[in-house]
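In what follows, chains carry the letters A, B, and so on, assigned in the order in which the sequence lines appear, proteins first and then strands, with residues in each chain numbered from 1. Values below: all heavy atoms of this structure, side chains included; hydrogens, waters and symmetry mates excluded.
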2 protein chains.
Amino acid sequence: MIERRNQSGSGLHDPILEKLGMEIAAGELPTGHVLTLDGIQERFGVSRTVAREAMRILESMGLVQSRRRVGITVRPIADWNVFDPKVIWWRLSGPARGAQLRTLTELRIAVEPLAAGAAARAATAAQRSRVVELAATLRRLGEAAELTEFMERDVEFHALLLQASGNEMFGALADVVAAVLRGRTQLGLMPHKPVPQALDLHEAVAAAVAGGRSAEAETAMRALLVEVRSAMLPG
Amino acid sequence: MIERRNQSGSGLHDPILEKLGMEIAAGELPTGHVLTLDGIQERFGVSRTVAREAMRILESMGLVQSRRRVGITVRPIADWNVFDPKVIWWRLSGPARGAQLRTLTELRIAVEPLAAGAAARAATAAQRSRVVELAATLRRLGEAAELTEFMERDVEFHALLLQASGNEMFGALADVVAAVLRGRTQLGLMPHKPVPQALDLHEAVAAAVAGGRSAEAETAMRALLVEVRSAMLPG
DNA sequence: TCAACGGAAAGGTAACACCATTTGCACCCT
DNA sequence: AGGGTGCAAATGGTGTTACCTTTCCGTTGA
């Protein structure tokens, strides 16, 4: 399982939100499908209040629309908040997983190079030294083919740079990138052993960030991600 | 007013969601501040159910966390779903407007060039001709200094390319970019008359997309956005 | 120092009145 | 006969109230 880092307060609506969200994201409840509160109550054995609250959340994410007399209608994907971590998670968990990984990878290629460049300008001293340290660790783990541990450090590496960018919208993508990295290894889209070039590029990014060389950090990160994508495509 | 294109079902929680969301986004309710359902009920004169539903939505956006015996606590911005259109809207409406415009502009620089490149590969024939048409219209309106109409066509131009990219995550940013463009003119961050270079670049992007020249579309769009940012920064 | 306890506040259930919208049917005019 | 108009009933979300349960924070007392 991909780790679930949501706070999820164990509430009663959480399971039903999860189930309905997944079914919608998976397309099992297609656009235009109509649910009713009564149906939800009965299906999950909960009170109306709970059913309503779950539905409200779904509605605020754009997955459904609630209208009087007609019920709760599933909306087309164009209306979804596709940046909502829950929605991303649901799509990653369902049959659209491959497509979601592809769109997320494109997003990474767009954002992470700029984030790395910004981090080279904005990172704290602690962050700069940590990123260098992480790159060295990745080198060691990669050459030892310690895949799981490598992935966890890689998650930390990318999250650190996104958060050090000083742009909270970039920082908010850290969890999403973590999900992508974990999902990718889980899907077997990783090479059996990280290619040396990737290790070089991690180190190049780290060195550029540590040295405050913004443009260099950006291009190195871009090269790294393009390499990642090319490794994903053919399978 | 920046146009509000939310569906906002006129419900009774919508006003209270709006008010609380704005107050949190504005920092009037600082991180750690504690609300109670009773307080919300009383303040807005609504029943417990309505207060709870509004709170649930806020919670699903990461703005607050609800805990028994403690109340409803405002969470730090790092936990917010800063890509949620409502959150973006609230931040744009409050004192953080300038900061939000800056982070959004960085996001645009990250995403729109890649989206334009993807659009050059994926756009339909209708979209290709429309983008060329829009660029010509922008030229005409820009030279005539028809600022309002120019902005509306500009919104359409950028939205079209984001949606034509074939990546629904990029497409979902269309509304956000629209808000940025409208907010920017409203803030007076636009030159009195669009600079000729910007008009040239719009046409260059359009021609490259229409001709399927992906790399060219990408670099032209990047140049356009960098120009936009430099126009915003000094004032 | 730590365990027990009281109470505050959210979590959840149930029953109800209300209201908007749709559906369908009756009616009337052409 | 056909079709539009309008009334009425069914349906399903919206909002309110009352009440009980569960969780933990803070205090108190051994």
Quiz item: Going by heavy atoms in the side chains, are B:Met190 and B:Val228 under 4.5 Å from each other?
Solution: no
Quiz item: Atom CD1 of B:Ile40 and atom P of C:dG11: how far apart are they, to the nearest Å?
Solution: 11 Å
Quiz prompt | Pair of N/O donor and acceptor under 3.5 Å linking C:dG11 base with B:Arg67 side chain | solution = no
Exercise. Taking only the side-chain nitrogens and oxygens of A:His13, find out if one of them lies under 4.0 Å from OP1 or OP2 of C:dG12.
Key: yes
Practice problem: Please tell me which of the listed nucleotides, C:dA10, D:dT16, C:dT13, lies nearest to the side chain of B:Arg68? | Solution: C:dA10
Practice problem: Report yes or no: do A:Thr103 and A:Gln100 form a side-chain donor-acceptor pair below 3.5 Å? | Solution: yes
Quiz item: With sugar-phosphate meaning primed atoms plus P, OP1 and OP2, does B:Thr49 contact a base, only sugar-phosphate, or nothing at under 4.0 Å between heavy atoms?
Solution: base
Exercise. Have a look at A:Leu35 and say if it touches a base, only the backbone sugar-phosphate, or nothing, with a 4.0 Å heavy-atom cut-off.
Key: sugar-phosphate
Practice problem: Calculate the interatomic distance between B:Leu37 atom CG and D:dT17 atom C1'; express it in whole Å. | Solution: 15 Å
Quiz item: Please give, in whole Å, the distance from C:dA9 P to B:Gln65 CD?
Solution: 17 Å
Practice problem: Answer yes or no: does a side-chain N or O of A:Arg56 lie under 4.0 Å from OP1 or OP2 of D:dT14? | Solution: yes
Self-check item: Separation of atom CD1 in B:Ile57 from atom C1' in D:dT14, rounded to whole Å
Solution: 13 Å
Quiz item: CG of A:Asp38 versus P of C:dA14: gap in Å, rounded?
Solution: 13 Å
Quiz prompt | Nucleotide nearest B:Arg69 when distance is taken to its side chain, options C:dG11, D:dG26, D:dT11 | solution = D:dG26
Quiz item: In terms of ring plane angle, is the pair A:Phe83 and B:Phe83 parallel, tilted or perpendicular, where the classes change at 30° and 60°?
Solution: parallel
Quiz item: CG of A:Leu12 versus C1' of D:dT23: gap in Å, rounded?
Solution: 14 Å
Quiz item: What about B:Arg48: does its side chain form a donor-acceptor pair under 3.5 Å with the base of C:dG12?
Solution: no
Quiz item: Separation of A:Ile16 atom CD1 from C:dG12 atom P, in whole Å?
Solution: 11 Å
Quiz item: Would A:His13 and A:Arg52 count as having a side-chain donor-acceptor pair, cut-off 3.5 Å?
Solution: no
Practice problem: Look at A:Ser66 and D:dT14 and indicate whether a side-chain polar atom (N or O) is within less than 4.0 Å of OP1 or OP2. | Solution: yes
Exercise. Name the residue closer to the 5' end of DNA chain D, choosing between A:Val70 and A:Arg52 according to the nucleotide with the nearest heavy atom.
Key: A:Val70
Quiz item: Given side chains that start at C-beta, do those of B:Thr31 and B:Ile77 come closer than 4.5 Å, heavy atoms only?
Solution: no
Quiz item: Can you check the B:Gln41 CD to C:dG11 P distance for me, whole Å?
Solution: 13 Å
